[in-house]
Participant: 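Quick one: the structure is below, and I'll ask about it shortly.
Reminder, nothing fancy here: chain letters follow the sequence lines and each chain counts from 1. No hydrogens, no waters, no symmetry mates; every other heavy atom, side chains included, goes into these values.
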There are 2 protein chains.
Amino acid sequence: CHSARPSLFSTASGFDDYRGFLNLCVVLLVISNARVFLENILKYGILVDPLQWLSAVLYNPYQWPNLLLVLGSSVFIFIAFHIERFLARNYITANTGVTLHTLNLLVVILTQPTKLLPTRPSRTTKLIKNSTLSQLGLYVVVFLKLWSYAQTNKWYREGYTKALSKRRIHRTSKEFLSRGLVDYYPYNLSYRNLLYFMAAPTLCYEANYPRTSGINKSYLMRRALEILFLFQLELALIQQWVVPVLQKAILPIHNYEGYTIMERLLKLSVPNHFIWLVFFYFFFHSVLNALAEVMKFADREFYRDWWNAETIVYFWQAWNIPVHKWCVRHCYKPLLSIGCPKFAAQVSVFLLSAFFHEYLVSIPLHMFKAWAFFGMTMQVRLVQCGFFRFLVIWVSKRFSSNYGNMIVWMSLILGQPVAILAYVYHYYVTSYTTIA
Amino acid sequence: CHSARPSLFSTASGFDDYRGFLNLCVVLLVISNARVFLENILKYGILVDPLQWLSAVLYNPYQWPNLLLVLGSSVFIFIAFHIERFLARNYITANTGVTLHTLNLLVVILTQPTKLLPTRPSRTTKLIKNSTLSQLGLYVVVFLKLWSYAQTNKWYREGYTKALSKRRIHRTSKEFLSRGLVDYYPYNLSYRNLLYFMAAPTLCYEANYPRTSGINKSYLMRRALEILFLFQLELALIQQWVVPVLQKAILPIHNYEGYTIMERLLKLSVPNHFIWLVFFYFFFHSVLNALAEVMKFADREFYRDWWNAETIVYFWQAWNIPVHKWCVRHCYKPLLSIGCPKFAAQVSVFLLSAFFHEYLVSIPLHMFKAWAFFGMTMQVRLVQCGFFRFLVIWVSKRFSSNYGNMIVWMSLILGQPVAILAYVYHYYVTSYTTIA
């Protein structure tokens with residue numbers, strides 16, 4: 001009945017199978033959040049209004065000019081295309097081409113903040129001054145794509161010129177066309193090719209992309225259903241869960257009630273993170289895959305396994321592959337190739353990234369004065385790059401790699417709500433001051 | 001730059017390394033509960049009073065008779081010992097021995113509920129009527145140990161008589177003693193041997209236990225520190241986290257507010273489960289191992305890996321090994337050996353277990369009328385044994401074994417708070433009615 005043996009928790013037993021406790025964590029998480037959900041419904045009732053976004057778009061006349069601006073972005077695409085055509089036909093020199101492209105890109109990116117300049121209030125300026133996040137996002141995407149288009153075609157042109165001078169290209173253009181090799185420079189410079197690039201789910205231009213043989217309709221249908229469902233889910237979560245928390249956070253911040261602010265922050269962090277996760281799946285899996293399926297675009301690597309990231313750096317390299325690829329190909333590597341030191345190139349990429357983050361947040365909120373956050377973003381990146389990176393690497397090596405992963409999650413979950421609370425508070429304060 | 005490849009979430013990628021999300025669950029759990037903790041402190045302030053238990057014991061004169069009752073339990077041990085001595089010396093017959101043991105055990109277990117009988121209120125009855133959980137627990141342990149002592153010695157005696165009749169025992173008692181075999185029947189019937197059994201961390205009597213060679217002082221010290229710390233932690237958690245939730249749950253139950261009750265239930269479930277986990281470690285690891293170390297008792301299997309349990313049945317077999325061993329050795333197997341069918345034996349064990357659960361809960365709360373809960377406990381056990389067991393087995397086979405484990409956790413986390421809320425509500429209602 002009895003025999004000498006140690007308890008399982010004693011190290012002498014050598015027992016280490018605690019996988020059941022991981023299941024406990026999952027179950028506790030579901031139960032805790034079911035409670036928070038129930039408490040929320042009991043406190044605020046049903047706040048979800050699935051058609052709010054529709055009425056917001058339809059009945060707000062200030063939104064319509066944005067649609068015109070979206071359509072207007074095709075002008076810049078047209079200009080970039082013809083600069084390349086002129087360059088290919090040697091109508092203009094390479095330097096003139098760079099200047100023209102730079103001017104074009106500056107117009108794309110800098111016309112938006114001018115809406116923030118103080119002007120006499122008139123109906124027209126008021127119309128133009130409103131920018132929505134999605135319209136701004138589109139302009140940023142157009143900017144990045146046209147940059148890539150110009151730079152890649154420059155590389156192609158240089159290669160083509162070199163090959164010509166070495167007389168390695170002896171075939172006539174007719175031969176090229178008969179072989180169907182229309183996608184080699186300069187035959188890639190067609191409207192069809194550029195429009196495909198503008199619509200394809202990538203920011204890096206190539207004359208030739210890997211393509212799928214056809215459209216898988218059931219796959220496309222599943223992605224489309226995901227898009228519809230997750231979009232409504234996101235709206236519902238924001239309306240029901242985030243807005244009440246934010247509204248109740250303004251006063252404590254104003255009165256500097258430290259613990260209450262912290263409580264609000266933690267309360268915000270869980271739904272915010274959940275919304276971010278859903279958004280990630282919605283955009284990087286459903287939307288981009290649906291788009292790729294329609295475009296028969298075969299490179300579906302829109303994200304890597306950032307959820308297993310053991311360092312912040314790997315997370316930033318893995319969660320948004322289109323932007324990461326663009327940064328490496330069109331900013332980091334060119335800087336290295338002109339002899340820029342590695343660290344300076346990294347800092348430049350971070351600065352550019354911080355600039356676009358600030359750009360996308362400040363303009364819709366009309367808070368371009370918020371240089372503090374611009375600085376903060378930069379600082380955070382630099383710390384992540386330097387001190388924080390070493391901390392995480394040290395922790396990962398000292399303990400299990402799981403701890404590094406947990407630190408990454410922690411910084412993700414807690415970092416965003418800090419920024420959101422700061423922005424929302426300043427937005428409320430400035431709006432209130434303007435009105436009063 | 002681009003190559004044809006599927007997204008990781010697509011099944012075509014064959015990617016299935018999502019261990020990072022488990023870390024996310026752990027981090028989210030910590031953050032959610034940090035928030036609840038902070039909210040609790042902000043709402044109620046610090047409710048923890050580490051010396052409350054001391055003042056409760058010292059300044060409540062009704063507690064002292066319980067100490068006398070604890071000391072008085074040695075009378076029953078003395079009686080049981082001498083019944084065995086008389087049996088060994090053939091002063092009384094086996095049947096008389098069984099009758100005397102039964103009477104002794106009935107007195108042990110049935111004197112406690114008599115305190116609940118309606119009597120004229122006098123100082124003496126009031127003193128005796130108060131029973132604390134720990135004193136009752138001690139009586140239950142004494143009951144189980146003496147049962148085991150009587151039954152095991154009966155088996156020993158039968159084996160001894162058989163051996164004597166076959167003349168296999170030809171050595172004199174002096175030979176036995178010289179060889180140091182004092183622990184074989186009838187030489188195990190000594191005060192020293194019985195007192196060791198009464199103090200040892202087991203409910204199953206054996207003449208000989210596996211022993212350790214000495215006391216590991218640093219091990220004992222660590223267990224002692226754990227006991228001190230975890231005891232205070234348990235008190236603090238109950239005072240700060242559970243009591244406010246319970247107090248706010250009475251009114252919704254009284255008014256039958258379904259959703260609010262459910263919210264209270266979920267709010268209670270997390271701290272309750274945490275307290276249960278801490279209690280498990282406190283009692284089954286720290287206390288029992290410390291006791292075993294002091295007693296040089298080598299069998300430390302006080303629990304198995306119930307946290308990996310994939311069925312409720314395995315959980316009940318693994319979380320409390322002393323009681324489980326006792327049930328199997330002194331109830332289930334004897335019933336089988338007298339020809340009782342397997343199912344009836346299982347039901348008997350469940351009935352006995354349900355009886356002692358009810359016993360330990362009802363008497364301290366003075367609610368012995370609560371037969372409903374007695375029935376409920378039984379029913380739950382039977383369902384677990386029958387339908388629920390098949391459900392869990394089916395789920396485990398259909399999905400991964402993790403789902404069975406999650407169902408076990410779920411039933412653990414949610415089952416206890418239901419019972420606690422029911423008891424607390426009825427306790428409040430009956431107390432209130434009595435006072436009014």
Participant: Can you say whether A:Leu414 sits under 4.5 Å from chain B via the side chain, the backbone, both, or neither, judging by heavy atoms?
Facilitator: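 Side chain only.
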Participant: Please state whether the side chain, the backbone, both or neither of A:Arg329 comes within less than 4.5 Å of a heavy atom of chain B.
Facilitator: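 The side chain, not the backbone.
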Participant: Aromatic rings B:Phe280 and A:Phe9: how do their planes relate, parallel, tilted or perpendicular, breaks at 30° and 60°?
Facilitator: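 Answer is perpendicular, since the angle exceeds 60°.
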Participant: Test your reading of the model: is there a side-chain donor-acceptor pair from A:Trp409 to the backbone of B:Val26, 3.5 Å cut-off?
Facilitator: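 No, the answer is negative, given that no donor and acceptor are paired below the 3.5 Å cut-off.
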Participant: Hey, could you give me the CZ/OG distance between B:Arg222 and A:Ser10, rounded to the nearest 0.5 Å?
Facilitator: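 B:Arg222 CZ to A:Ser10 OG: 8.5 Å, rounded to 0.5 Å.
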Participant: Under 4.5 Å heavy-atom distance to chain A, tell me which part of B:Leu8 shows up: side chain, backbone, both or neither.
Facilitator: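 Contact with chain A: backbone and side chain both.
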Participant: As an exercise, state the distance from CG of B:Leu265 to CD1 of A:Ile31, rounded to the nearest 0.5 Å.
Facilitator: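 Those atoms lie 9.5 Å apart.
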Participant: Is A:Phe297 in contact with chain B via its backbone, its side chain, both, or neither, using a 4.5 Å heavy-atom distance?
Facilitator: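 Contact with chain B is through the side chain of A:Phe297 alone.
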Participant: Tell me, side chain or backbone of A:Ile413 under 4.5 Å from chain B's heavy atoms, or both, or neither?
Facilitator: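 Just the side chain, heavy atoms under 4.5 Å.
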Participant: Is the OH atom of B:Tyr18 crowded by more than 12 outside heavy atoms at less than 6.0 Å?
Facilitator: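 Yes.
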Participant: Need one label for A:Leu277: side chain, backbone, both or neither, based on atoms under 4.5 Å from any heavy atom in chain B.
Facilitator: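 The side chain, not the backbone.
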Participant: Is A:His2 close to chain B through its backbone or its side chain, or both, or neither, when contacts mean heavy atoms under 4.5 Å?
Facilitator: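 Backbone plus side chain of A:His2, per the 4.5 Å heavy-atom cut-off to chain B.
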Participant: How about CZ on A:Phe21, more than 12 heavy atoms from neighbouring residues, nucleotides or ligands closer than 6.0 Å, or not?
Facilitator: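 Yes, CZ of A:Phe21 has more than 12 neighbouring heavy atoms, counting only those of other groups under 6.0 Å.
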Participant: Can you give me the closest heavy-atom contact between A:Trp307 and B:Asp17, atom names plus distance?
Facilitator: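 That closest heavy-atom pairing would be NE1-O, 3.0 Å.
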Participant: Taking all heavy atoms of B:His273 and all of A:Leu24, pick out the closest pair and write down the distance.
Facilitator: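 Heavy atoms of B:His273 and A:Leu24 come nearest at NE2-CD1, 3.4 Å.
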Participant: Give me the atom names and distance for the closest heavy-atom approach of A:Val270 to B:Ser32.
Facilitator: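 So the minimum-distance heavy-atom pair works out to CG2-OG, 3.8 Å.
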Participant: For the CD atom of B:Glu39 and the CE atom of A:Met262, what is their distance to the nearest 0.5 Å?
Facilitator: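 The distance works out to 14.5 Å.
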Participant: Please report the closest heavy-atom contact between B:Ser7 and A:Asn289, naming both atoms and the distance.
Facilitator: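 The pair with the smallest heavy-atom distance is OG-ND2, 3.0 Å.
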Participant: Measure A:Ser269 against the heavy atoms of chain B and call it side chain, backbone, both or neither at under 4.5 Å.
Facilitator: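 Only the side chain of A:Ser269 comes within 4.5 Å of chain B.
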Participant: Quick check: does any side chain N or O of A:Asp299 sit under 3.5 Å from a backbone N or O of B:Ala4, one acting as donor and the other as acceptor?
Facilitator: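 Looks like no, no N/O pair under 3.5 Å.
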Participant: Hey, could you give me the OG/CD distance between A:Ser3 and B:Glu301, rounded to the nearest 0.5 Å?
Facilitator: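 Between A:Ser3 OG and B:Glu301 CD, I get 7.0 Å after rounding to 0.5 Å.
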Participant: From the options A:Lys267, A:Arg35, A:Glu263, select the one residue that forms a side-chain contact (heavy atoms from CB on, under 4.5 Å) with B:Val36.
Facilitator: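 Exactly one candidate clears the test, A:Arg35.
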Participant: Considering only heavy atoms, which portion of B:Phe15 lies under 4.5 Å from any heavy atom of chain A: side chain, backbone, both, or neither?
Facilitator: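 For B:Phe15, the side chain is the part near chain A, not the backbone.
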Participant: Could you tell me which of A:Phe274, A:Phe302, A:Tyr209 has the largest number of non-hydrogen atom pairs under 4.5 Å with chain B?
Facilitator: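 Max contact count across the listed options: A:Tyr209.
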Participant: Check whether more than 12 heavy atoms from other residues, nucleotides or ligands sit under 6.0 Å from atom OH of B:Tyr196, and answer yes or no.
Facilitator: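 Count over threshold, so yes.
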Participant: By a 4.5 Å heavy-atom criterion (distance strictly below it), what part of A:Ser13 contacts chain B: side chain, backbone, both, or neither?
Facilitator: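 A:Ser13 has no heavy atom closer than 4.5 Å to chain B.
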Participant: Under a 4.5 Å heavy-atom cut-off, does chain B meet the side chain of A:Thr212, its backbone, both or neither?
Facilitator: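 Contact with chain B is absent: no heavy atom of A:Thr212 under 4.5 Å.
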Participant: So which of B:Asn405, B:Leu22, B:Asn308 actually passes side-chain contact (heavy atoms from CB on, under 4.5 Å) with A:Arg19?
Facilitator: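 Single pass found, and it is B:Asn308.
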Participant: Rounded to the nearest 0.5 Å, what separates atom CG in A:Leu266 from atom CG in B:Asn33?
Facilitator: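 Output value for this atom pair is 11.0 Å.
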